[in-house]
Amino acid sequence: MPELPEVETIVRGLEQRLAGRRFRQVTLNRADLRTPLPTGLKAKLEGKRIERVSRRAKYILIHCAGDAVLLAHLGMSGRIVISEANEKRLRQKHDHVVFTFDDGAVLAFNDARRFGMIDYVAAAQLPNHKLLRHLGLEPLGHEFNGANLAKRLAGKNCSIKAALLDQRVIAGLGNIYASEALYWANISPRRRAGTVLGARADALAAAIRKTLERAIAAGGSSLRDYVQASGELGYFQHHWAVYGKEGEKCPRCDCHRGIKRIVQNARSTFYCAKYQR
DNA sequence: ACGAGAACCTGTTTGC
DNA sequence: TGCAAACAGGTTCTCG
């Protein structure tokens, strides 16, 4: 489901609503998601106070008192939904882990496909965590620019689209925003990644940043599964230029060819063949 | 070592 | 209408 803008929106919602609360009860409805749930998670979390919530790439980091971090990834279909004490939520299918807080609020981790994961680690070992260690540039970070992006792309023979999905190059883009960013940068998704440098890399870095920022401002894109932590829908899907728009008119040109759909590395890519080179 | 494809799951949409 | 195939926002493993 979620790419960087959706995760960022969820993180902001969680920060606002969870900071300062204390886990009262943790219910594990199964033993594993994509990976086994951490052993002793229930005992370790109950009674712990949440200090803040942050994000790295598409990972949600819930920082607890005592320098421990609950790390969560939503995979393709994961959702996190909070219900306050006065708005009871019945247990839904695929509610795999349910957290109850000291004030009666409930947070459900729901994930039909179970591509998501949850881990619990000491804060000190976070930088070396297996899942975070190899992540690439944070596209909203200060050090993200065309030159640094080009450095990561140098020598790569795969398509630029495939490279943008490689989290070791840049961390947080997914299938929707990769197509959208390439469109706004006028770069063909089929172009070899290693040939994106100089002004072209500058344009791509700028398009990535702008696309993600606009999407965050809209609360992310709601398709099948995604909702904000509050349960509200995002609305950036109404602003997509190319994603899911095969055959439709490109928003910036009047060519009759329309938006094309191709398959790269088994994922759909959408682009305008006239403007993207 | 790299890139492409399969695999992991369930649910929904599409096409015959 | 019914059933099967295709497809879905991600990541990781295997194979050539």
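Convention: sequence-line order gives letters A, B, ...; per-chain numbering from 1. Everything quoted here is computed from the prediction, not taken from an experiment.
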Asks: Measuring from the side chain of A:Arg114 (C-beta onward, heavy atoms only), which nucleotide among B:dT10, C:dT11, C:dC7 has the closest atom?
Replies: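 Output: B:dT10.
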
Asks: When you measure from the side chain of A:Asn265, which nucleotide among C:dA8, B:dG11, B:dA4 comes out closest?
Replies: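 Of the options given, the side chain of A:Asn265 lies nearest B:dA4.
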
Asks: Categorize A:Asn157 for me: base, sugar-phosphate, or nothing, with a 4.0 angstrom heavy-atom threshold over every strand shown.
Replies: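 A:Asn157: backbone/sugar contact only, no base atoms under 4.0 Å.
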
Asks: Between A:Glu6 and A:Lys58, does any NZ, NE, NH1 or NH2 come within less than 4.0 Å of an OD or OE carboxylate oxygen?
Replies: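 Here A:Lys58 does not pair with A:Glu6 in a salt bridge, since their nearest N and O are not under 4.0 Å apart.
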
Asks: Below 4.0 angstrom, which residues in residues 163-174 of chain A have at least one non-hydrogen atom near DNA chain B?
Replies: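 Heavy-atom cutoff 4.0 Å gives no residues at all.
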
Asks: List the atom pairs, with distances to 0.1 Å, where a side-chain N or O of residues 50-57 of chain A and a protein N or O form a donor-acceptor pair under 3.5 Å, not counting sequence neighbours.
Replies:
residue, atom, partner, partner atom, Å
A:Ser54, OG, A:His63, NE2, 2.7
A:Arg55, NE, A:Glu8, OE1, 2.7
A:Arg55, NH1, A:Ala57, O, 2.9
A:Arg55, NH1, A:Glu138, OE2, 2.5
A:Arg55, NH2, A:Glu138, OE2, 3.0
A:Arg56, NH1, A:Gly136, O, 3.4
A:Arg56, NH1, A:Glu138, OE1, 2.7
A:Arg56, NH2, A:Leu135, O, 3.3
A:Arg56, NH2, A:Gly136, O, 2.9

Asks: Would you kindly compare A:Arg113 and A:Leu131 by the position of their nearest DNA chain C nucleotide and give the one closer to the 5′ end?
Replies: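 It is A:Arg113 whose nearest nucleotide is closer to the 5' end.
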
Asks: Would A:Phe115 count as stacked on C:dT11 if the rule is ring centres under 5.5 Å and plane angle under 30°?
Replies: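 Taking the rule of under 5.5 Å and under 30°, the ring of A:Phe115 does not stack on C:dT11.
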
Asks: Which part of the nucleic acid, if any, lies within reach of A:Lys93 when heavy atoms closer than 4.0 Å are counted: base, sugar-phosphate only, or nothing?
Replies: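 Answer is sugar-phosphate: A:Lys93 comes under 4.0 Å of backbone atoms only.
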
Asks: Given C:dA8, C:dG10, B:dG3, identify the nucleotide with an atom nearest to the side chain of A:Ser268.
Replies: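 My answer, after comparing the listed nucleotides, is C:dA8.
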
Asks: Would A:Asn110 and A:Lys93 count as having a side-chain donor-acceptor pair, cut-off 3.5 Å?
Replies: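 Short answer, no.
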
Asks: Reading 5' to 3' and counting Watson-Crick or G-U wobble pairs with both distances under 3.5 Å, write the dot-bracket notation for DNA chain B, | for bases paired outside the strand.
Replies: .|||||||.|||||||

